[in-house]
A.B. asks: 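Quick one: the structure is below, questions incoming.
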Amino acid sequence: MDYYEEAVLAYLTGPKSRFVNAQFELPWANLKGGSCPDFVVLDFATRTIYVIEVCSASNVNGLIERVINREDRWLVPLREHFAQWRAHFQDWLYHVTIFVREEVIESTRRKVSAYPDVSVLSIDAIVLP
C-alpha cells in the first residue's frame with residue numbers, strides 16, 4: 001500500500017459505520033472478476049457497498065477502462081459474493097469512487113459523467129486537507 005492509498009484508507013475509516021477491506025480479491029470466474037480493487041467498503045449507515053480505486057498517476061486511462069467495465073470487473077462478482085453470505089446485502093446499493101490527482105480531476109469527471117454510480121474525488125484534498 002502506498003502513501004496515497006494509506007491516506008485514502010484513513011479517510012474511509014473515519015465513520016464508525018464502515019467496514020473497509022483493502023485489496024479485496026475478486027477471482028476470475030464466468031468471464032467476470034479477475035480484479036483486486038484497492039478497497040471495498042461496506043457502509044452500514046447508508047447500506048452501500050463502495051468499490052474504491054486510488055490513482056496517483058497523471059494518466060488515468062487504465063483506471064477509466066476499469067470503471068467502464070465496472071459491472072463485470074467489480075460489481076457483479078461483489079453482488080454474488082455478498083449474496084452468498086446473507087440475503088441482507090441483496091438490496092444494498094453499489095457505488096464506485098475513484099480518487100485521482102487534482103490536476104486530472106475535471107477531465108476524469110467528464111470521462112465518467114455518464115455513469116451515475118461513479119464518483120471522482122481528489123487525492124490532494126485527502127492528503128493535504
Side-chain angles (χ1 to χ4, degrees):
M1 186 176 309
D2 68 16
Y3 172 77
Y4 298 104
E5 288 174 344
E6 288 179 13
V8 170
L9 176 60
Y11 171 79
L12 295 173
T13 57
K16 293 181 182 182
S17 63
R18 291 182 182 164
F19 173 80
V20 180
N21 188 300
Q23 303 301 313
F24 193 93
E25 184 179 353
L26 297 168
W28 186 255
N30 302 319
L31 302 175
K32 309 263 188 266
S35 183
C36 191
D38 292 327
F39 303 101
V40 171
V41 178
L42 280 71
D43 191 323
F44 289 88
T46 64
R47 298 172 56 94
T48 303
I49 296 173
Y50 293 94
V51 174
I52 309 294
E53 283 287 309
V54 180
C55 182
S56 59
S58 59
N59 182 336
V60 297
N61 292 337
L63 175 61
I64 299 301
E65 183 73 22
R66 290 192 303 274
V67 168
I68 291 169
N69 296 310
R70 68 196 175 286
E71 281 294 325
D72 290 341
R73 292 184 61 86
W74 301 321
L75 303 182
V76 169
L78 281 171
R79 285 184 187 105
E80 291 173 0
H81 174 78
F82 287 112
Q84 292 177 46
W85 289 98
R86 276 200 109 148
H88 172 80
F89 291 112
Q90 288 180 353
D91 62 343
W92 282 39
L93 301 173
Y94 285 77
H95 193 85
V96 174
T97 302
I98 57 176
F99 289 83
V100 297
R101 292 164 47 168
E102 188 67 37
E103 65 195 53
V104 297
I105 197 164
E106 289 308 317
S107 63
T108 305
R109 283 181 175 152
R110 280 192 300 277
K111 291 176 183 177
V112 300
S113 64
Y115 311 118
D117 62 335
V118 178
S119 298
V120 181
L121 299 177
S122 169
I123 289 178
D124 302 271
I126 303 304
V127 174
L128 302 167

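Everything numeric here is computed off the predicted structure, so don't read it as measured data.
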A.B. asks: Give me the atom names and distance for the closest heavy-atom approach of Ser107 to Val104.
C.D. replies: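 That would be OG-O, 3.1 Å.
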
A.B. asks: Roughly how far, to the nearest 0.5 Å, is CD of Glu5 from CD1 of Ile126?
C.D. replies: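 Those atoms lie 14.0 Å apart.
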
A.B. asks: Rounded to the nearest 0.5 Å, what's the gap from CG on Leu26 to CG on Leu75? Could you check?
C.D. replies: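 The distance works out to 9.5 Å.
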
A.B. asks: Could you state the interatomic distance from CD1 (Ile98) to OG (Ser119), rounded to the nearest 0.5 Å?
C.D. replies: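 Reported value, rounded in 0.5 Å steps: 9.0 Å.
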
A.B. asks: Excluding sequence neighbours, so at least two apart, what forms side-chain contact (heavy atoms from CB on, under 4.5 Å) with Glu6?
C.D. replies: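 side-chain contact (heavy atoms from CB on, under 4.5 Å) list for Glu6, sorted by chain: Met1.
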
A.B. asks: Do Val20 and Ile52 have side-chain heavy atoms sitting under 4.5 Å apart?
C.D. replies: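 When only atoms from C-beta onward are counted, Ile52 and Val20 do not touch, as no gap falls below 4.5 Å.
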
A.B. asks: Tell me the closest heavy-atom pair linking Val127 and Ala7, and the distance in Å.
C.D. replies: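 That closest heavy-atom pairing would be CG2-CB, 3.8 Å.
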
A.B. asks: Is there a path from Val40 to Phe19 through hydrophobic residues (I, L, V, M, F, W, Y) whose side chains come within less than 4.5 Å of each other?
C.D. replies: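 Yes, same cluster.
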
A.B. asks: Nearest heavy-atom pair of Ser122 and Ile105: which atoms, and what distance?
C.D. replies: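 That would be N-CD1, 3.5 Å.
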
A.B. asks: Check for me, please, whether Val100 and Val51 land in the same ILVMFWY cluster - side-chain distances under 4.5 Å, paths through other members count.
C.D. replies: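 Val100 and Val51: one cluster.
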
A.B. asks: Who pairs with Gln84 by side-chain contact (heavy atoms from CB on, under 4.5 Å), at least two apart in sequence or on another chain?
C.D. replies: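 By the side-chain contact (heavy atoms from CB on, under 4.5 Å) rule, Gln84 matches no residue at all.
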
A.B. asks: Among residues at least two apart in sequence or on other chains, which ones pass ring-ring contact (aromatic ring centres under 6.0 Å, His included) with Phe24?
C.D. replies: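 Per chain and number, Phe24 pairs via ring-ring contact (aromatic ring centres under 6.0 Å, His included) with His81.
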
A.B. asks: Name all residues meeting the ring-ring contact (aromatic ring centres under 6.0 Å, His included) criterion together with Phe39; count only those two or more places apart in sequence or in a different chain, and write none if there are none.
C.D. replies: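 ring-ring contact (aromatic ring centres under 6.0 Å, His included) check on Phe39 returns nothing, list empty.
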
A.B. asks: If I compare all heavy atoms of Tyr11 with all of Leu121, which pair ends up nearest, and what's the gap?
C.D. replies: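 So the minimum-distance heavy-atom pair works out to OH-CD1, 4.3 Å.
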
A.B. asks: Under a 4.5 Å side-chain heavy-atom rule over Ile, Leu, Val, Met, Phe, Trp and Tyr, are Val118 and Phe99 clustered together?
C.D. replies: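 No.
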
A.B. asks: Treat each ILVMFWY residue as a node, draw an edge where side-chain heavy atoms are under 4.5 Å apart, and state whether Leu128 and Leu9 are in one component.
C.D. replies: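 The answer is yes; both residues are in one hydrophobic cluster.
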
A.B. asks: List in chain and number order the residues that pass side-chain hydrogen bond (donor to acceptor under 3.5 Å, both in side chains) with Glu71, two or more places apart in sequence or in another chain; answer none if no residue qualifies.
C.D. replies: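 If we apply the side-chain hydrogen bond (donor to acceptor under 3.5 Å, both in side chains) test to Glu71, skipping adjacent residues, the hits are Arg79.
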
A.B. asks: List in chain and number order the residues that pass side-chain contact (heavy atoms from CB on, under 4.5 Å) with Ile68, two or more places apart in sequence or in another chain; answer none if no residue qualifies.
C.D. replies: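 With sequence neighbours excluded, Ile68 shows a side-chain contact (heavy atoms from CB on, under 4.5 Å) to Ile64, Tyr115, given in chain and number order.
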
A.B. asks: Under the ring-ring contact (aromatic ring centres under 6.0 Å, His included) test, which residues partner Phe82, sequence neighbours left out?
C.D. replies: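 Scan of Phe82 (ring-ring contact (aromatic ring centres under 6.0 Å, His included), adjacent residues dropped) gives Phe89.
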
A.B. asks: Evaluate the side-chain proximity of Leu93 to Thr46: yes if any heavy-atom separation is below 4.5 Å, no if none is.
C.D. replies: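 They are not in side-chain contact.
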
A.B. asks: Tell me the salt bridge (Lys or Arg N to Asp or Glu O under 4.0 Å) pairs involving residues 19-35, sequence neighbours left out?
C.D. replies: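 Counting only pairs at least two positions apart or across chains, the salt bridge (Lys or Arg N to Asp or Glu O under 4.0 Å) contacts touching residues 19-35 are Lys32-Asp72.
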
A.B. asks: Which heavy-atom pair separates Val120 from Arg109 by the least distance, and what is that distance?
C.D. replies: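 The pair with the smallest heavy-atom distance is O-NH2, 2.9 Å.
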
A.B. asks: Write out all pairs satisfying ring pair (Phe, Tyr, Trp, His ring centres under 6.0 Å) with one or both partners inside residues 47-68, taking only residues at least two apart or from two chains.
C.D. replies: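 Matches after skipping sequence neighbours: Tyr50-His95.
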
A.B. asks: Quick check against the 3.5 Å criterion: does Arg47 have a side-chain atom that pairs as donor or acceptor with the backbone of Asp91?
C.D. replies: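 Not at all, since once roles are kept as given, no pair shorter than 3.5 Å links the two residues.
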
A.B. asks: Just by distance, do the side chain of Arg70 and the backbone of Val67 share a donor-acceptor pair under 3.5 Å?
C.D. replies: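 Here the side-chain-to-backbone pair exists.
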
A.B. asks: Could I get the full list of side-chain contact (heavy atoms from CB on, under 4.5 Å) partners for Arg73, not counting sequence neighbours?
C.D. replies: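 Partners of Arg73 under the side-chain contact (heavy atoms from CB on, under 4.5 Å) test: Ser35, Arg66, Asn69.
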
A.B. asks: Sequence neighbours excluded, which residues qualify as salt bridge (Lys or Arg N to Asp or Glu O under 4.0 Å) partners of Asp38?
C.D. replies: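 Salt bridge (Lys or Arg N to Asp or Glu O under 4.0 Å) check on Asp38 returns nothing, list empty.
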
A.B. asks: Are side-chain heavy atoms of Trp92 and Leu42 found at a separation under 4.5 Å?
C.D. replies: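 Yes. Closest side-chain heavy atoms under 4.5 Å.
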
A.B. asks: Only counting residues at least two apart or in another chain, list the ones meeting side-chain hydrogen bond (donor to acceptor under 3.5 Å, both in side chains) with Glu103.
C.D. replies: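 Residues passing side-chain hydrogen bond (donor to acceptor under 3.5 Å, both in side chains) with Glu103: Arg101.
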
A.B. asks: Hydrophobic clusters here meaning ILVMFWY residues chained together by side-chain heavy-atom distances under 4.5 Å, can you tell me if Val112 and Ile123 are in one?
C.D. replies: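 Different hydrophobic clusters.
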
A.B. asks: Considering all heavy atoms of both residues, which atom of Gln90 and which atom of Ala83 are nearest to each other, and what is their separation?
C.D. replies: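 Heavy-atom minimum between the residues: NE2-CB, 4.2 Å.
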
